[in-house]
Each structure stands twice: as structure tokens, then as C-alpha cells.
Amino acid sequence: MKTANGLKTNTQRQWFLYSSISEALSSASSSKQLSKVHALIITSGLNQSVFFSGRLISKYAHFRDPLSSLTVFDQVALKTNVYQWNSIIRALTHNGLFSKALEYYTTMCKMKVLPDKYTFPSVINACAGLFDFEMSNVVHERAFEMGFESDLYIGNALIDMYARFGHLDKARMVFDEMPLRDVISWNSLISGYSANGHWEEALEMYHRLRLIGLVLDSYTISSVLPACGGLVAVTEGQTIHGLLEKIGINADVIVSNGLLSMYFKFDRLKDARRVFDEMVVTDSVSWNTVICGYSQLELYEESVKLFMEMVDKFTPDLLSLTSVLRACGHLRDLEFGKFVHDYIKRTGCVCDTTANNILIDMYAKCGDLLASREVFDGMKSCDTVSWNSLIKGYFKSGSLDEGMKLFKMMKIDLKPDFVSYVMLLSLYTQLSDINQGKVIHCDITKLGFDSDIVVSNALIGMYTKCGQVDDSLKVFENMKGRDVVTWNTIIASCVHLEDFNLGLKMINRMRMEGLMPDVATLLVILPMCSSIAAKLQGKEIHGSVFKLGFEAEVSIGNALVEMYSKCGNLKHSLQVFENMKNKDVVTWTALISAYGMYGDGKKALGAFSEMEASGIRPDHVAFIAIIFACSHSGLVQEGLKYFNRMKNDYNIEPRIEHYACVVDLLSRSKRLTEAEEFIHSMPLKPDASIWGALLSACRASGDIEIAERASKRITELNSYDVGYYVLVSNVYAALGKWDQVRMIRKSIKTRGLKKDPGCSWMEIQKKFYVFGTGEKFFEQFEEVNKLLGILSDLIAKEGYIADLRYVLHDVEDDEKRDMLCGHSERLAIAFGLLNTKPGTPLQVMKNLRVCGDCHTVTKYISQITQREILVRDANRFHLFKDGNCSCGDHW
DNA sequence: CTAGGGTTAG
């Protein structure tokens with residue numbers, strides 16, 4: 001400029017000024033620099049220039065300074081130029097000031113400035129941002145009237161707007177009618193479908209786009225990845241992942257974030273982790289996605305660890321904070337949860353409804369309901385999730401009344417949703433409250449929530465738990481769609497009903513409907529095999545565990561250990577145990593129980609010590625198992641030692657089950673007086689299980705006085721468990737007190753209870769044979785009866801005398817002898833002897849305890865037939881061999 | 001491109 005002065009004409013000088021200002025405008029890289037240029041424009045008297053003011057407005061908008069944009073616009077006197085209007089409307093829209101943008105558009109129209117094709121995209125964006133349907137219609141019509149219906153940019157904006165409104169049909173219509181489309185048109189539609197959960201359509205459009213051969217960009221990919229995730233389209237997702245390398249957009253943060261999210265939706269931790277580790281640049285979204293993903297996979301500790309790592313690099317935002325809060329809830333880490341909450345408050349971060357809901361849930365899960373309530377009460381607007389979370393918290397902490405009170409309050413504020421009802425059903429399931437459950441079922445039907453799968457699943461579960469399996473089946477059959485949980489629940493119902501045939505049928509139906517069993521399915525089926533000792537089915541399921549890839553699941557391993565041991569195959573059980581890489585307290589408990597059932601108390605004790613040495617803390621179930629094992633091996637001192645250890649070493653308060661185990665331990669070893677003293681010294685009120693344990697032992701040892709006292713106590717307790725009445729009745733029968741027997745039978749009837757009929761069963765060459773007590777209608781009945789007669793004579797010669805106390809009916813002694821011969825386990829054993837080759841070991845299962853007389857008889861039979869006979873009764877295994885039993889008479 | 005409450009199993 002120095003040298004130019006004087007040499008140039010005015011016009012030349014003017015041109016020079018224009019071009020240098022123009023250049024300065026272009027190169028300004030901040031709002032501050034821009035305001036300097038702005039000042040220069042004003043001093044040069046060029047602020048009315050249409051050319052500069054428009055560019056200033058846009059440039060200010062670019063630097064997120066819409067106020068300066070407005071200042072420039074307001075200083076422009078000449079407001080008839082559409083370029084100025086377009087600039088300001090675009091500037092406002094760009095900065096999210098949508099209503100202001102629409103205001104300016106309206107003013108523009110009032111001032112009779114005719115919009116052009118550049119006006120509409122911004123105005124449409126503003127309508128989209130405001131969700132202003134009315135205005136959107138007006139604007140769309142106007143653009144159409146002005147003949148812009150085939151404009152690419154307007155079309156793209158319209159697609160985007162309708163997609164945001166969720167009006168995918170309209171978006172699709174605009175798209176279909178466009179004569180010319182670019183990749184943005186496709187992206188807008190695909191992302192619209194994706195964002196609204198129309199995943200199939202999103203993928204379909206993506207495929208069409210691929211066919212056309214238009215070049216994709218990172219936006220296309222980040223729109224289609226959620227669709228793959230949503231559909232769990234693993235192969236598709238991997239193909240797209242592979243494609244990224246080829247088209248060279250694999251380094252894009254947004255794309256990588258999409259991949260991360262997708263792999264987490266596939267539950268593919270390894271793939272997600274690989275994407276994350278290979279990312280050169282990460283942003284807070286990447287970290288949030290990973291933290292959240294770990295949380296969803298229930299890897300909460302990892303999730304918190306990642307959060308800690310993230311904090312070094314990025315300031316955590318609301319999403320990171322809530323993700324880690326969620327983990328705190330699951331980890332029951334109240335302290336850290338509080339710390340994060342404090343951090344949120346300290347940094348002035350404003351929680352939205354979702355974040356507050358997570359806080360409510362976190363505090364509720366940690367049992368701090370006061371804090372939950374405080375968050376709830378401080379919320380400006382609550383939704384159903386807020387209410388549900390709080391109510392669930394009260395239910396879980398046992399404050400049922402408070403929870404119900406809140407539920408009633410909730411109904412005044414807003415409508416409970418299906419989750420609220422699922423929660424109520426779950427509550428009544430736990431309480432086994434069929435009456436309240438039925439009331440809720442009525443409400444559910446009225447409100448139409450019964451069409452929801454989850455609700456139906458909860459209903460099935462509720463009816464099953466309350467023993468109304470018929471109603472479970474009714475709900476089940478009426479369902480239109482069923483998911484894995486439905487099948488798991490209904491199979492569990494069959495197990496509950498002990499209708500194993502129906503259970504197996506259901507498993508087949510599940511297969512027919514094409515549903516793959518999940519871990520929970522196997523966790524339902526395996527115990528079913530355990531309880532009926534279905535060795536072969538159990539083995540088959542063990543095979544499918546590998547096929548389904550569940551072999552690393554600890555819970556599956558635990559169920560297998562139990563299955564093999566309960567099916568009489570201790571060897572396989574131990575094998576599974578040894579092969580398990582990860583063992584938890586349940587695994588060890590299964591092993592201890594297995595040894596206990598086989599009467600190997602020493603090995604059970606060894607296993608318990610090994611468990612402790614491996615650093616696993618026994619829980620109350622482990623103590624039940626070890627005391628049970630001691631009891632069944634006559635290890636009284638050891639049993640008592642462990643009973644004391646649970647409180648002293650592990651601070652576990654003994655429950656009624658533990659006291660029952662100790663009573664069993666003492667009385668099984670004929671220390672009845674001690675057992676009775678123990679009952680009187682216990683801090684809990686003895687229930688039927690306690691007196692029952694004492695009474696069963698009295699029956700075996702014949703202590704009349706204690707038996708009568710225990711019987712009286714049980715009768716007083718008015719238990720609804722039929723087993724105890726039967727026990728009492730059996731004791732009176734053994735004593736010959738038939739009047740009492742009749743009285744007990746009557747009270748069983750008046751209570752509407754039904755006696756569990758005794759039965760035994762065995763598997764011979766893949767077929768199950770079931771024998772009821774005194775049953776006469778089975779094949780080979782004559783032969784079985786004849787064999788039992790021969791055996792009776794043979795064992796009598798060996799010194800056997802029938803123990804008639806085990807006959808529960810008031811009949812003549814001869815008839816009593818016959819009745820003993822009709823005991824189901826004897827029928828099964830005789831049947832087994834007849835139908836297997838000499839020397840073959842027999843295995844018999846029985847649903848109740850083996851009676852004393854059968855126990856003696858089986859010992860004799862094992863000797864004279866030279867057979868190993870393995871009998872599983874309700875409690876344990878008895879291995880009869882050469883006239884002895886493995887239980888050492890501690891049964 | 002990232003977030004919340006619910007059902008089965010133990």
C-alpha cells in the first residue's frame with residue numbers, strides 16, 4: 001500500500017482495498033481476527049456492501065458467533081437482497097437458533113423478498129430442529145410451488161427433516177421422486193431408517209447404494225453400522241468392517257466408534273477391543289462406548305478401570321459419568337457412586353432425566369433409598385423409568401408398603417408402563433402371592449399389556465412359583481410370539497411340575513420354532529436331568545454345551561458337576577470339575593455336595609480346605625453342604641467345627657437350614673438328647689424342618705419319648721409341607737398308635753394336602769421304568785413278584801427278619817410282610833435283576849427316603865446276587881456291595 | 001457414532 005499510494009488511481013485503490021479485505025476475510029481463523037476485518041470494513045465505509053456483509057455473517061456463524069452475525073445483518077440497510085437473508089438464516093440455523101431463523105424467514109417473506117433455492121435448505125433444517133410440523137408443511141409447499149421440487153439440496157434437507165420427524169414414508173417419497181441424488185441423499189435416508197430402528201430398510205438401502213456404485217463415505221458407514229448392530233447381523237457387519245480398509249475410511253473416528261458400538265451389540269468383546277486398540281485417534285465418544293459396552297457385558301470392574309483411564313485424557317461428560325454410575329450400582333459401590341455424583345454437582349453438570357434415573361437406580365441398588373428419594377424429589381420432570389427405578393428400590397429393600405404407596409402415587413402422575421407391571425409380578429412371584437398376582441393379571445389384561453412377551457414371561461413365572469402350573473400353560477399357549485426366556489420359563493414350569501415328559505416335549509417345540517437354547521436354557525434342563533437322573537440326556541446336553549460354545553461358562557460347569565454326580569456318575573462329575581478353568585464358590589459347593597451324597601465326608605472336608613486355600617470364600621450354601629457331608633459320614637465333631645467356623649471365621653450368621661443340618665448331624669449319630677438340647681438353645685424359632693430332622697432320626701433309632709415330643713411340635717406348627725405329616729404319621733405307625741395315624745391322615749385331608757406317592761425308577765437300555773409302591777400293573781409283574789418271593793426265602797436263611805415298624809398300615813403281620821415287598825425300590829431292583837446280565841451293576845432312583853427295611857434287604861440282595869446296587873434316594877447315594885452299604889448306616 | 005427401569009437360571 002505504501003508504494004501504491006499516489007501511483008494508483010482512485011478506482012485502482014478501491015479495487016486494491018476490496019481484494020485485500022476479501023483476502024483477510026478468507027484467511028481470518030477466529031472470531032477475534034474476523035472482528036478486526038469487520039472494523040476495517042466499517043472504517044472503509046463498506047459495511048453496506050452486499051458482498052462483504054453476507055460473507056461476514058457466514059464467517060461469524062462459522063466461528064459460532066451468531067450474535068455478531070446478527071449485528072452485521074442489523075447494520076445492513078438494504079434488506080431487499082435475498083443473499084443477505086440467506087446468509088443470516090443459514091447462520092442462525094447453523095448455530096442451532098432455529099426459532100430465530102424461522103422468525104427471520106417469516107420477516108423476509110413479509111418484506112416481500114422472494115426466497116430462492118438457497119433459502120430453503122436452511123429453513124427446512126430449522127423446521128427439523130424445532131420439530132415444527134406446521135411450518136415444515138408450509139415451507140415444503142412453498143418450495144414446491146416455486147418449482148424447486150427437483151433441487152438436490154432442498155431434497156436432501158427434506159429427507160433429513162422427515163427422517164428426524166420419524167416420518168420415514170415421507171422421507172422415502174421425497175427420495176423416490178428426486179431426479180438426481182447424491183451420496184448425501186442416500187446417507188440421510190439410511191441414517192433416518194437407522195435412527196428410527198428401521199434396520200432392515202437401512203440395510204436394504206445400503207445394498208441398493210452399493211449396487212449403484214456411488215462412492216460411500218464415513219457418514220454412510222456410520223449410518224449402516226447401527227443397523228447391523230440392531231439386527232445382530234454379524235456377517236454383514238464384518239463384511240462392512242472389511243470393506244473399510246479397501247475404501248480407506250478405516251481411520252475415521254466416527255466410523256471406528258460405530259464399529260465399536262456394533263461389536264458390543266454383537267457381544268463380541270474381543271473384536272470391539274481390537275478396534276479400540278487399533279484406533280490412532282480416540283475421542284470421548286469412543287471411550288464412552290467402550291465403558292458402556294463393558295458395563296453391558298457386566299464387566300463392571302473393567303468398566304470403572306476404563307473410566308479412570310479416560311479421565312486422564314478427556315474431561316468426562318454426562319454420558320461417561322452415567323456409564324460409570326451404572327457400573328457402581330451393579331458393583332454396589334456406594335462410595336465411588338457418591339464420589340461421582342459429587343463430581344457432577346461440583347462441576348455444575350446438569351443432569352437430564354436419564355442421568356437422574358441412573359442416579360436413582362445406582363442409589364437403590366446400593367440400598368441407599370434416602371439418596372434415591374432425594375434425587376427423585378429434586379427432579380423437574382420424572383418419567384416412568386424414574387418411578388419404576390425408585391419403586392423397585394423399595395421392593396428390593398423390603399419396604400413393600402412404601403413401594404406400593406409410590407406405585408399408587410405414580411398412577412396419579414402418569415401411566416405405569418409394562419415394566420411397572422413386570423416389577424409387580426416379580427414381587428408377587430417372590431412372595432408367592434397368587435391373589436395379588438391375579439389382581440395384577442386382570443389389570444394387565446385390561447391395559448393390553450398381556451401382548452408383551454416380557455409381561456407374559458413374568459406371568460408364567462408367577463403362576464409357576466405359586467404352584468398354578470395350569471395357568472402358566474394357559475398363558476404360554478395364548479402367546480403369539482415367544483422368546484428364549486419364554487421357553488426357559490415354561491420348561492422350568494415343567495420341571496417344577498415334575499412333568500419331565502412335558503419338559504422334553506417343550507424342548508422339542510422350542511427347537512421346532514427355531515430358537516437356539518441359551519445358557520439359561522441349559523441351566524433349566526440340566527437340573528431336570530439331575531433330578532430324574534437322565535444320564536443319557538445329560539450326556540447329550542454336555543455335548544451340546546460345546547456345540548453352543550458355552551463350555552467356559554462357570555454356571556454351566558457347575559450344573560454339569562451336579563448333573564453327573566446326581567446321575568450316579570461321580571467320576572464324570574470330578575472330571576468336569578477338574579477341567580473347569582474358572583471355579584467359583586458354587587463349583588466347590590457342588591463338589592462338596594457330591595462327596596457328601598456319596599458318603600465320602602473326608603474328601604468333602606478336603607475339598608472345603610482346598611477351596612479356602614484357593615482363596616474362595618465359602619458362603620452359607622457351602623456350609624450347608626459341608627455340614628450335610630459330615631452328617632452323612634458320621635463326622636459329628638467336624639460338622640460342629642464347621643458350624644462354629646461359619647460365624648467365627650467368616651461372620652456368616654447361621655440360618656435355619658444350618659441349624660437343621662446340625663440337628664440332623666447330631667441325631668443321625670444317635671446323639672438325640674444333645675440334638676434336642678441344641679434345638680432348645682438355638683436363637684431362631686425351630687420350624688418343621690428342625691423337628692423333622694430330629695424326628696427322622698428317632699424313627700431310625702426308635703427313641704419313643706423324643707419322637708412323641710417332636711411329633712407334637714410339628715403338628716403344632718401347622719406346616720403346609722405334607723412331608724412332615726407323613727413323617728409324624730409314620731412314627732405313630734411304627735409305634736402302633738393307629739388312632740394317631742388316622743388323626744394325622746385326617747388333618748392332611750382337611751388341609752387339602754396330598755401325599756407324595758413313593759416311586760422308584762431305573763434306566764435300562766435307554767428306557768425308563770417307573771414303579772409305584774404296591775403297584776401291580778407293569779410288565780413282568782408276575783416274574784418280579786416271584787423273584788421277590790425267592791429272594792425273601794434266601795435272605796431269611798441268611799438271618800434277615802422283616803422290620804414291621806416300616807409298615808404304615810394297621811394290618812396283620814403277614815400282610816405287613818407282603819406290603820414291605822411291594823416297596824417301589826424292591827420292585828425296581830427285582831426288575832433290574834431280571835432284565836440285566838448277571839454281574840451288571842444296578843442303579844435305582846427313589847423320590848423319597850429309602851425305608852430301613854428296604855435298606856437291610858438291599859444289603860442282603862447285593863450279597864446273594866453278587867451285584868453292585870447304587871440307590872439314590874431323596875438325600876444321597878447308597879452303594880450296596882457284598883452285604884454292606886456305603887452310607888455306613890448314616891442314612 | 002455413545003446412556004436409564006423389567007422377565008428365565010443360580
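Proteins get letters first, then strands, A, B, ... in listed order; numbering begins at 1 in each.
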Out of [options], whichever nucleotide has its closest atom nearest the side chain of [X]:
| X | options | answer |
| --- | --- | --- |
| A/L523 | B/dG5, B/dG6, B/dA9 | B/dA9 |
| A/A520 | B/dG5, B/dA3, B/dT8 | B/dT8 |
| A/S261 | B/dT2, B/dT7, B/dG6 | B/dT2 |
| A/D352 | B/dG6, B/dG5, B/dA3 | B/dA3 |
| A/V524 | B/dA9, B/dC1, B/dG6 | B/dA9 |
| A/N457 | B/dC1, B/dT8, B/dT7 | B/dT7 |

Mind telling me whether A/F336 and A/F307 have parallel, tilted or perpendicular rings, with 30° and 60° as the class edges? perpendicular
Just by distance, do the side chain of A/S399 and the backbone of A/F395 share a donor-acceptor pair under 3.5 Å? no
Give the rounded distance in Å between these two atoms: [atom1] of [X] and [atom2] of [N].
| X | N | atom1 | atom2 | answer |
| --- | --- | --- | --- | --- |
| A/E562 | B/dG10 | CD | P | 9 Å |
| A/K265 | B/dT2 | NZ | P | 6 Å |
| A/L260 | B/dC1 | CG | P | 14 Å |
| A/M528 | B/dG10 | CE | P | 13 Å |
| A/L225 | B/dT2 | CG | P | 10 Å |
| A/F550 | B/dA9 | CZ | P | 17 Å |
| A/D483 | B/dA9 | CG | P | 14 Å |
| A/L522 | B/dG10 | CG | C1' | 14 Å |

Can a salt bridge be assigned to the pair A/K474 and A/D471 using a cut-off of 4.0 Å between side-chain N and carboxylate O? yes
Check this for me, if you would: do A/R509 and A/E477 make a salt bridge, where the nitrogen-to-carboxylate-oxygen distance has to be below 4.0 angstrom? yes
When all nucleic acid strands are considered with a 4.0 Å heavy-atom cut-off, which category describes [X]: base, sugar-phosphate, or nothing?
| X | value |
| --- | --- |
| A/D317 | nothing |
| A/S555 | nothing |
| A/T384 | base |
| A/S222 | sugar-phosphate |
| A/V485 | base |
| A/N356 | nothing |
| A/D619 | nothing |
| A/I358 | sugar-phosphate |
| A/Y421 | nothing |

Please determine whether a side-chain nitrogen or oxygen atom of A/K396 lies at a distance below 4.0 Å from atom OP1 or OP2 of B/dG6. no
Out of the candidates A/V485, A/I490, A/V475, only one should pair with A/N457 under the side-chain contact (heavy atoms from CB on, under 4.5 Å) rule; please name it. A/V485
Qualifying residue, where the test is side-chain hydrogen bond (donor to acceptor under 3.5 Å, both in side chains) with A/S493 and the options are A/D499, A/N488, A/T464: A/T464
Any donor-acceptor pair under 3.5 Å joining the side chain of A/D417 to the base of B/dG5? yes
